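The structure under discussion appears below in the form of structure tokens.
By convention in this document, chain letters (A, B, ...) are assigned in the order of the sequence lines, proteins followed by strands, and residues within each chain are numbered from 1. Quick caveat, the model's predicted, so the values are computed rather than measured.
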There are 2 protein chains.
Amino acid sequence: MKAETKDFYIEQDKMYVATDCIIFGFDAGKLKLLIFKRRVEPQKGAWSLIGSFVKLEENVSEAAQRVLTEITGLKNVFMEELKSYGVADRDPGYRCISIAQYALIRVEDYDRELVEKHGAHWYDMKEVPNLVLDHNQMVADALERLKRKARYQPIGFELLPEKFTIPQLQQLYEAIYQKELDARNFRKKVLSHNVLIKLEEKDKSSSRRGAFLYKFDHDTYQQLLQSGYNFEIS
Amino acid sequence: MKAETKDFYIEQDKMYVATDCIIFGFDAGKLKLLIFKRRVEPQKGAWSLIGSFVKLEENVSEAAQRVLTEITGLKNVFMEELKSYGVADRDPGYRCISIAQYALIRVEDYDRELVEKHGAHWYDMKEVPNLVLDHNQMVADALERLKRKARYQPIGFELLPEKFTIPQLQQLYEAIYQKELDARNFRKKVLSHNVLIKLEEKDKSSSRRGAFLYKFDHDTYQQLLQSGYNFEIS
DNA sequence: ATAATAAATGTAATTTATACGTTAATTTTA
DNA sequence: TAAAATTAACGTATAAATTACATTTATTAT
């Protein structure tokens, strides 16, 4: 590299880059958020999203995956960038920008022990306490994103077990949209996309009659996408 | 601040944070992109988006506004975060992440002189040349975002002069969606939202008869938003 | 055998989207 | 000054999607 190039860079300011994860779950018919007791100052002991500084040699998305895996023990979790939080004085310590990511996990899957070790807690989305820094804003923004995105992309399934019933799926959408849906119309709409595989088994945990289990058909969905199809729920 | 806090931060890696602007315009019925001859290594002289390093004392969004104002002379331009580009080796110089922002500007408004001084050029979106680093990816991502967002938020108007005709508006949407639209249905749909104010004047630049000019009614739009209304075009 | 419970289904009414042809206003030109 | 040319403006009929709404079914517990 030429000397002038190096000089140009050297004159510039460097800062910390962090990533914070808004981790959503779905349990007992409710949308949940996984938060943590903060272990470092400032505000040690306060509730916080989980996050980490990004290391020089890792991608931002890798940093987020690393954090998530450390905490939950899960790999291949759905995670997507939300937005950056780059206000100069957002962190009273040093200049630090954060790239927030939101993750959708199956509550049944994750390693409870690991989570408990980290002082974590699943909060009902409607009862999220005060969080440090701008984390409450991140959560609010992530919920908005989830609401919008669930409409036109089948990401809701990431929050359900692999096998689920239509009434469970409806509960999930009701929790995300914060709105009641008509069971007959919901079922019709969902099934009309032809991306659910009906299984022989029933789930009898919530009714005497039991409800048939379904699986999301990723392959068919991918094929449909290719042919210009649009997923949409409600 | 406690010593332990300081230590915790000091151990972490710092990096350069940049912002790059994807600047869209609309002229002669076509969607345009404003790009620049790069003035610094690496790849001095190559085509590039305009950008800047973020300074310690400024917000990321301020940095983007600063760049845009330097180049175009415009303030209060529509600009919104696209996403971050945080792959570890994206810039062969030093570790640098970029927060890309896309801007919509009225081509008529900007200061041509200033733009020419900066080695800028408006390219037709369909003829964008090779850009440095990951900038072509940024442009592609921004176009996708614009396509999606124009559907449910009236951001297209940011690209038109304050007064515009329905056929002009249609041309714009056709350019964004890359798809022809039916003039009768388009007019019906747009007017049904009741967010356009019809003026007495006509624009005769593109027909003998002339087409009536309209203005976007920001106030009414804001009111409608409050009452749970959804803007949607096509 | 009966009661209780949530699952599963269909149809009619309304709203929204699509497809498509004709007339109107104006300028240019013959 | 009449005719030709050109884009703007408009309406209706059909199809598709959404909404609203009530009954029957499968199963377990009593």
Side-chain angles (χ1 to χ4, degrees), chain A residues 28-30 150-152 154 160-161 163-175 177-215 224 227-234, chain B residues 28-30 150-152 154 160-161 163-175 177-215 224 227-234:
Chain A
K30 298 202 168 160
R151 236 165 252 288
Y152 63 85
L160 291 175
K163 300 174 182 180
F164 53 85
T165 68
I166 306 276
Q168 278 166 13
L169 186 62
Q170 179 177 344
Q171 272 198 314
L172 171 63
Y173 273 91
E174 289 180 333
Y177 295 163
Q178 298 186 70
K179 178 181 145 187
E180 298 208 338
L181 302 172
D182 179 273
R184 288 158 293 189
N185 294 337
F186 180 81
R187 179 183 296 266
K188 239 186 301 178
K189 189 71 197 269
V190 163
L191 292 177
S192 75
H193 289 290
N194 296 315
V195 290
L196 296 190
I197 299 168
K198 186 174 184 176
L199 307 176
E200 295 300 318
E201 307 167 67
K202 281 186 165 186
D203 172 295
K204 301 205 170 162
S205 62
S206 65
S207 82
R208 305 212 154 114
R209 179 180 178 176
F212 280 104
L213 288 161
Y214 289 79
K215 282 201 300 190
L224 287 171
S227 28
Y229 142 99
N230 274 313
F231 179 87
E232 203 186 316
I233 294 293
S234 175
Chain B
K30 297 200 169 163
R151 236 165 252 287
Y152 63 85
L160 291 175
K163 300 173 182 180
F164 53 84
T165 66
I166 306 277
Q168 278 166 13
L169 186 62
Q170 180 178 343
Q171 272 198 314
L172 171 63
Y173 273 91
E174 289 180 333
Y177 295 163
Q178 300 187 77
K179 176 181 146 186
E180 297 205 340
L181 303 172
D182 179 273
R184 289 157 292 192
N185 294 337
F186 180 80
R187 178 183 296 266
K188 241 185 302 178
K189 189 71 197 266
V190 164
L191 292 176
S192 75
H193 289 290
N194 298 314
V195 291
L196 296 190
I197 300 168
K198 186 176 183 174
L199 306 176
E200 295 300 319
E201 307 167 66
K202 281 186 166 185
D203 172 295
K204 300 204 169 162
S205 62
S206 66
S207 81
R208 303 197 205 290
R209 179 179 176 176
F212 280 104
L213 287 162
Y214 289 79
K215 282 201 300 190
L224 287 170
S227 26
Y229 141 98
N230 274 312
F231 179 87
E232 203 186 317
I233 295 292
S234 175

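Atom NZ of B:Lys202 has more than 12 heavy atoms from other residues, nucleotides or ligands within 6.0 Å. Other residues, nucleotides and ligands place more than 12 heavy atoms under 6.0 Å from the NZ atom of A:Lys189.
With contacts defined as side-chain heavy-atom distances shorter than 4.5 Å, the pair B:Val195/B:Tyr229 qualifies. Side-chain atoms of B:Ser234 and B:Leu181, non-hydrogen and from C-beta on, do get closer than 4.5 Å to each other.
Judged by distance alone, the side chain of A:Gln170 and the main-chain N or O of A:Arg187 form no donor-acceptor pair under 3.5 Å.
The CD1 atom of B:Ile166 lies 10.0 Å from the CD atom of B:Gln168; values are rounded to the nearest 0.5 Å. Residue B:Ile197 holds its CD1 atom at 11.5 Å from OH of B:Tyr214, rounded to the nearest 0.5 Å.
Between A:Leu181 atom CG and D:dA20 atom P there is a gap of 11 Å when expressed in whole angstrom units. Taking atom NZ of B:Lys202 as the reference point, atom P of D:dT6 lies 18 Å away to the nearest angstrom. In this structure, the CD atom of A:Glu200 is 16 Å from the C1' atom of D:dA26, given to the nearest Å. Per the geometry, CG belonging to B:Leu191 stands 10 Å off C1' belonging to D:dA9, to the nearest Å. Spacing between atom CZ of A:Phe186 and atom P of D:dA17 amounts to 18 Å, rounded to whole angstrom units. Atom CG in A:Asp203 sits about 18 Å away from atom P in D:dA26, given to the nearest Å. Rounded to whole Å, atom C1' of C:dA8 lies 16 Å from atom CD of A:Gln168. Atom P of nucleotide C:dA6 and atom CD1 of A:Ile166 are separated by 18 Å, given to the nearest angstrom.
Within residues 204-213 of chain B, the residues that have a heavy atom under 4.0 Å from DNA chain C are, in order of number, B:Lys204, B:Arg208, B:Arg209.
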Where do N or O atoms of nucleotides 17-19 of chain C meet protein N or O atoms at under 3.5 Å, pair by pair?
residue	atom	partner	partner atom	Å
C:dT18	O4	B:Lys188	NZ	3.4
C:dA19	N7	B:Asn185	ND2	2.9
C:dA19	N6	B:Asn185	OD1	3.3
C:dA19	N6	B:Lys188	NZ	3.1

Dump the intermediate steps for side-chain contact (heavy atoms from CB on, under 4.5 Å) on A:Phe164 and A:Leu196, then the final yes or no. CA-CA 10 Å; A:Phe164 53 85; A:Leu196 296 190; 3.9 Å; yes
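Classification of the B:Tyr173-B:Phe186 ring pair by plane angle, with boundaries at 30° and 60°, yields tilted.
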